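In what follows, a single structure is set out as structure tokens and then discussed.
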Amino acid sequence: MNRATILTQLKKTAFNAKIYLEDAPPRIQLFFVANLLKLAGAVAIGLASFLNFQSLGALTGPIIFLWLCSMLAVATPQVDAWLTASRRWLKPAYRLSVTTLAIVMSVEILAVSAVMTWSAIDRTSLPPAAQAIKDAFEPSDAIAFNVQAAENLLSGQNPYAHANIITALDASPEAYGEITPLRTGVFADSFPYPTNEELKNLWHGAIANPEVIPPEIESRYNYPAGSFLLLAPFMAIGISDLRLVLLIFLLPILFYAVLRLPSHRRWYLVLGVLLAVELWNALFDGDTKLLCLLPILAGYLMVPRRLWLSAILMGIAAATRQTAWFFLPFYLILIWQTVGWRPALRSGIIIGAVFLIANAPFIAADPTLWISSVTAPMTSEMFPMGAGIITLVTAWGIPLDWPALFTALEIAALAGGILWYLRHAQRYPHAGLILAVIPLFFAWRSLWSYFYFVDIVLLSVILSQKSFQIAEPPPLPEDQSAVAA
């Protein structure tokens, strides 16, 4: 193929992409508008933390609520018809959203690349703004814990028995902002959260004697075994950079998701992935929550044609992060309502088997330790935190020190979502993906990272459905009157 032919083909491809993207169905346009809203929530969270301006954090609850409502609308087939009459405002909003997200992604990639290159040359010469960017991608306690757990496994030690957050964070004097404090000891009366000075004083005392972990710091390994079992083989062959490991997982699954789509729909998913700011932030950060996202994405895409492989992937997700557990009832209901109860039962058994295969050795080694470690996020005396309704406490200043209330709301939201989905799964099959994360909006700890990946899964699944099309608009009121007459 000569140069002229290649250029012609590239121009044709670019032209087709432009046409398809310009004529995106209303739900796809709404998806990108909602993602601009999500970006606004992420910016509010970041600025509230960086500037210590909690009033700004008060915006995150309403923003995330509106984003979740928008995602439910994207999951609803009838919305295409309802929004057809709204093209006058929706299309300009769609163009603005895509343009803004593209600019943000470009600036972020350039900034991160420049800072990482600069810091590799001379770590001491970073100006404050560049240092802030670099600090944003320093490992959190969860990421450091995963690396330590994989290293312990490779050295023949039980990752749950030898977890130590102080050594996991290299006893860095600046890592006090990455730890998870507990409401005990010197923090017993701190509410809604210890001050930076309190955290700093405790941490500096802890790193002086790393073998003795203060009771005020969560130091149990809080995740199922899949979270380190997936990392260990890569670390065993010398791949220790989590960003590279995650990229090895990410690219094949995204490639599979794109290839499953008809050619005219692929542009929407490619654009959605390229502009998924939080997804790429997680990759730059080495955030192992992506290890939960990827099997869920592939698992849902394989329903109903490859149920056994789909169930294995969902089992891997469940064995990796507790967040995946919220998806399981909706996933099994979807299979039950679309294929039958026997395939749903088989899928449930496969998921349970994969989870047990991954975790059984560690359960057998010390059942009490494993249970207390994996259930710690639900049972430990942790401080309120997040982007959901808990912002009433953390940002709005309402002194509602009652974790049981938020747990009850979370359980009620989950139960209500399951009951509704049992009745409506056939009509709204994709709504289960959003219903699975809505309970987390009501949790005592509703971290932003619990929500941010579900939109890419939703977009992929919607685009993969043969029934996806622009529905006919409903009749206008005057048309109905004419018919009645």
Side-chain angles (χ1 to χ4, degrees), residues 30-72 74 93-94 96-112 115 129 132-140 142-143 177-178 193 243 246 250 271-290 292-293 323 384-392 394-396 433-434 437-438 440-443 445-459:
L30 179 61
F31 173 87
F32 286 98
V33 174
N35 267 16
L36 184 59
L37 186 67
K38 183 177 75 164
L39 177 63
V43 170
I45 293 171
L47 289 178
S49 175
F50 182 69
L51 301 176
N52 197 24
F53 185 34
Q54 291 305 315
S55 297
L56 188 60
L59 297 173
T60 60
I63 289 174
I64 298 305
F65 178 76
L66 289 175
W67 176 71
L68 287 171
C69 291
S70 300
M71 286 297 104
L72 272 178
V74 171
Y94 163 66
L96 174 64
S97 300
V98 169
T99 303
T100 304
L101 290 168
I103 292 172
V104 170
M105 275 303 306
S106 300
V107 171
E108 179 171 314
I109 290 171
L110 290 173
V112 171
V115 168
I133 295 174
K134 185 175 183 295
D135 290 344
F137 294 100
E138 290 296 314
S140 65
I143 297 170
E178 305 298 336
Y193 204 79
R243 290 168 293 190
L246 294 175
L250 181 65
L271 187 65
V273 170
L274 290 177
L275 301 184
V277 177
E278 294 295 334
L279 175 68
W280 296 106
N281 279 349
L283 181 63
F284 294 151
D285 197 21
D287 190 343
T288 51
K289 292 183 184 70
L290 286 178
C292 174
L293 156 68
T323 312
M385 179 181 286
I389 198 173
I390 196 61
T391 55
L392 292 173
T394 59
W396 292 83
L433 283 165
I434 307 303
V437 298
I438 284 179
L440 297 168
F441 179 80
F442 298 94
R445 289 175 64 84
S446 57
L447 303 186
W448 174 234
S449 57
Y450 296 164
F451 305 97
Y452 65 63
F453 62 73
V454 70
D455 54 351
I456 290 297
V457 181
L458 177 63
L459 179 64

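From a predicted model like this one, the values you see are computed outputs, not experimental measurements. Worth knowing before you read on, the calculation uses all heavy atoms, side chains too, and leaves out hydrogens, waters and symmetry mates. The residues of the chain are indexed from 1 along the displayed sequence.
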* Mind listing the closest non-hydrogen atom pair of L39 and L101 along with its distance? => CD2-CD2, 3.8 Å
* **For L433, the option from D455, L72, L458 that meets side-chain contact (heavy atoms from CB on, under 4.5 Å)** => L458
* **For the student: nearest non-hydrogen atoms of M71 and I434, plus distance** => CB-CD1, 3.6 Å
* **Min side-chain heavy-atom separation V104-V43 under 4.5 Å** => no
* Asked: Quick one: does D287's side chain have a donor or acceptor within less than 3.5 Å of a partner on K289's backbone?
  -> yes
* Asked: Does some side-chain heavy atom of W448 sit less than 4.5 Å from a side-chain heavy atom of I64?
  -> yes
* Where the side chain of T391 meets the backbone of A387, is there a donor-acceptor pair that is under 3.5 Å apart? -> no
* With the side chain counted from C-beta on, respond yes when W280 and I109 share a heavy-atom pair under 4.5 Å apart, and no when they do not. => no
* Structure fact -> All heavy atoms of R243 vs all of G286, minimum pair found to be CG-N, 3.8 Å
* **M105 side, atom CE; L274 side, atom CG - distance, nearest 0.5 Å** => 8.0 Å
* Test side chain to side chain contact (heavy atoms under 4.5 Å, CB included) applied to L293 and V457, step by step -> CA-CA 8 Å; L293 156 68; V457 181; 3.4 Å; yes
* Asked: Would one find more than 12 heavy atoms of other residues, nucleotides or ligands at under 6.0 Å from atom CZ of F65?
  -> no
* Mind telling me whether F451 and F441 have parallel, tilted or perpendicular rings, with 30° and 60° as the class edges? => perpendicular
* Do L392 and I389 come within less than 4.5 Å of each other through their side chains, counting heavy atoms only? -> yes
* Asked: Of the non-hydrogen atoms in I456 and A276, which two are nearest, and what is the gap between them?
  -> CD1-CB, 4.0 Å
* Asked: Between the side chain of S446 and the main-chain N/O of F442, is any donor-acceptor distance below 3.5 Å?
  -> no
* Asked: Closest heavy-atom contact between L283 and L250?
  -> CD2-CD2, 4.2 Å
* **Closest approach of R445 to Y450 (non-hydrogen atoms, all atoms of both residues)** => O-CE1, 3.1 Å
